[in-house]
2 protein chains.
Amino acid sequence: MGALICQSLLMEGVAILNTLAYGLLSLLTNETYSGYDLTQRIQPFWPAKHSQIYPLLSCLEQEGYVRYELIKQNDKPDKKMYAITDAGKEKLREWLAVPPAEPALRDELLFKAFCLGSIVSPQEGRQLFEDRAAYCRSKLDYLDQKKKAIQQSAEWPSTTPVLNSPMFGIYILLDKGYRRFEAELEWCEDVLAMLEG
Amino acid sequence: MGALICQSLLMEGVAILNTLAYGLLSLLTNETYSGYDLTQRIQPFWPAKHSQIYPLLSCLEQEGYVRYELIKQNDKPDKKMYAITDAGKEKLREWLAVPPAEPALRDELLFKAFCLGSIVSPQEGRQLFEDRAAYCRSKLDYLDQKKKAIQQSAEWPSTTPVLNSPMFGIYILLDKGYRRFEAELEWCEDVLAMLEG
DNA sequence: CTTTTCATGTAACAAGTTACATGATTAA
DNA sequence: TTAATCATGTAACTTGTTACATGAAAAG
């Protein structure tokens with residue numbers, strides 16, 4: 001798949017990148033990361049497996065949007081640390097100005113919840129929503145911890161988020177995640193209350 | 001693609017269905033729908049195009065999980081009204097007991113928001129978040145309207161949602177959507193305030 | 001007069017997942 | 001001793017999107 005993108009060029013010789021590729025470039029704007037790092041960090045924004053990331057990275061490298069340095073390690077396997085190039089930044093800047101596509105949420109719990117009035121028993125429903133509530137709580141714990149870590153870091157000068165800080169982007173995304181799971185947890189708790197009474 | 005699923009059988013001769021297939025069966029538990037109807041109604045829960053729905057429906061029909069009646073229309077094209085069969089309900093019931101996979105959210109705005117601290121100008125940021133806020137408001141309007149329509153319908157006996165009603169499932173999903181976009185809108189407004197001050 | 005809605009389908013392609021492949025270190 | 005973590009890659013497959021194909025009615 002990666003190979004195909006590398007070859008697919010517009011008439012002017014401009015490579016066409018997909019959202020995942022722009023996502024990788026976005027993550028690389030502040031720091032250098034290995035393919036392994038990127039695979040983990042991209043999950044909250046755009047779920048993808050390493051088998052999709054690695055070929056895409058070599059493709060971005062061939063196109064000159066990223067470059068890597070091979071880091072030899074003793075205790076762990078060697079790794080390639082990727083950095084965005086000026087061409088990559090330029091490509092990303094163009095994309096940022098394009099209005100984003102509609103967000104896509106795929107959640108099978110919604111189908112199962114839909115069946116609550118018909119073929120799902122309240123018993124099964126309780127199980128489903130208790131599990132999801134627990135999932136939300138674990139996400140909230142994690143995000144809270146991350147937010148606090150940023151607020152205590154050296155690059156975070158004031159109590160309120162500062163636009164000029166490179167941490168600003170990460171901060172508002174953690175905040176987004178927090179609000180998302182907060183709302184979902186409340187929903188789960190309200191549905192559970194309905195299933196009882 | 002649909003053809004492949006129709007042929008892929010476990011050793012015991014049991015067809016393997018994907019989430020989209022179970023989603024279609026879920027929607028068919030209360031009412032009969034055409035492929036066209038299903039394509040529209042499934043969007044909020046699991047985005048899919050008609051080119052994916054139609055072959056899947058014929059596949060489900062071949063496996064005996066749904067059945068259709070051909071409805072001839074004068075002013076509009078003829079259509080196939082699909083209904084779930086007993087075998088389909090049994091298949092769905094089995095699936096409902098299986099713990100659901102993690103929800104997958106893919107939203108390119110998140111990447112663009114991430115770049116706010118680095119290469120996105122506050123000007124561009126404002127545009128992005130104002131557009132998303134408007135999108136959320138339109139969704140909230142739509143969902144509010146739908147919720148009110150249910151509350152005023154004949155099948156909705158009391159002021160609070162009733163578990164036994166077949167409307168219960170739809171109601172809690174509309175509620176979920178409402179909370180989701182409410183939280184997202186607040187986030188957009190808070191980020192916009194940060195971009196100003 | 002052009003676009004949207006209704007309605008169903010297929011073909012070609014892009015995107016995403018699962019499985020295969022390797023291998024050392026470390027924690028449970 | 002089993003599993004997880006780190007680290008990179010490929011092959012085979014499934015899932016999802018775009019484009020092609022048709023055509024009448026209604027709304028702007």
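In what follows, chains are A, B, ... by sequence order, proteins preceding strands, each numbered from 1.
- Taking only side-chain atoms of His50(A), from C-beta outward, the nucleotide of dT10(D), dA7(C), dC6(D) with the closest atom is dT10(D).
- Nearest heavy-atom pair, Cys188(A) versus Arg132(A), reported as atom, atom and distance to 0.1 Å: SG-CG, 3.5 Å.
- Atom-to-atom, CG of Asp37(B) to C1' of dT8(C) comes out at 13 Å; the value is rounded to the nearest Å.
- Atoms CG (Leu57(B)) and P (dT10(C)) sit 12 Å apart, rounded to a whole Å.
- Whole-Å rounding puts the Asp78(B) CG to dC6(C) C1' distance at 11 Å.
- For the OP1/OP2 pair of dG16(C) and a distance below 4.0 Å, the side-chain nitrogens and oxygens of Gln52(A) include at least one atom meeting the criterion.
- In this entry the distance linking CG of Leu70(A) with P of dG9(D) reads 9 Å, nearest Å.
- A donor atom on one side chain and an acceptor atom on the other are not found under 3.5 Å apart for Tyr82(B) and Glu61(B).
- Considering only side-chain N and O atoms, Gln73(B) lies nowhere under 4.0 angstrom from the phosphate OP1 or OP2 of dA25(D).
- Residue-to-nucleotide proximity on DNA chain C shows that, of Lys76(A) and Thr19(A), the 5′-proximal contact is made by Thr19(A).
- In terms of phosphate contacts, Trp46(A) brings a side-chain nitrogen or oxygen within less than 4.0 Å of OP1 or OP2 of dG16(C).
- Ser138(B) and Asp141(B) share no donor-acceptor pair across their side chains, judged by distance under 3.5 Å alone.
- Listed pair Lys80(A) / dG9(D) meets the phosphate criterion, a side-chain N or O lying under 4.0 Å from OP1 or OP2.
- Here dA15(C) presents its P atom at 9 Å from CD1 of Ile16(A), a figure rounded to the nearest Å.
- In terms of phosphate contacts, Arg106(A) brings a side-chain nitrogen or oxygen within less than 4.0 Å of OP1 or OP2 of dG16(D).
- At the phosphate of dT18(C), OP1 or OP2 sits under 4.0 Å from a side-chain N or O atom of Lys49(A).
- In this model, a side-chain donor or acceptor of Ser51(B) finds a partner on the base of dT18(D) within 3.5 Å.
- Map Asn74(A) and Pro47(A) each onto its nearest nucleotide of DNA chain C; the residue landing nearer the 5' end is Pro47(A).
- Remark: P of dT8(D) and OH of Tyr68(A) are 11 Å apart, rounded to the nearest angstrom.
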Test Arg41(A) against Tyr33(A) for side chain to side chain contact (heavy atoms under 4.5 Å, CB included), laying out the working first.
CA-CA 9 Å; Arg41(A) 298 195 185 248; Tyr33(A) 290 116; 3.2 Å; yes
Assess the residue pair Glu102(A) and Tyr135(B) against the criterion (side-chain hydrogen bond (donor to acceptor under 3.5 Å, both in side chains)); give the C-alpha distance rounded to whole Å, side-chain angles, the decisive distance to 0.1 Å, and a yes or no.
CA-CA 9 Å; Glu102(A) 272 200 42; Tyr135(B) 172 79; 2.9 Å; yes
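- With rounding to whole Å, Tyr82(B) atom OH is found 9 Å from dT8(C) atom C1'.
- When rounded to the nearest whole Å, the span between CD of Glu69(B) and P of dT8(C) equals 13 Å.
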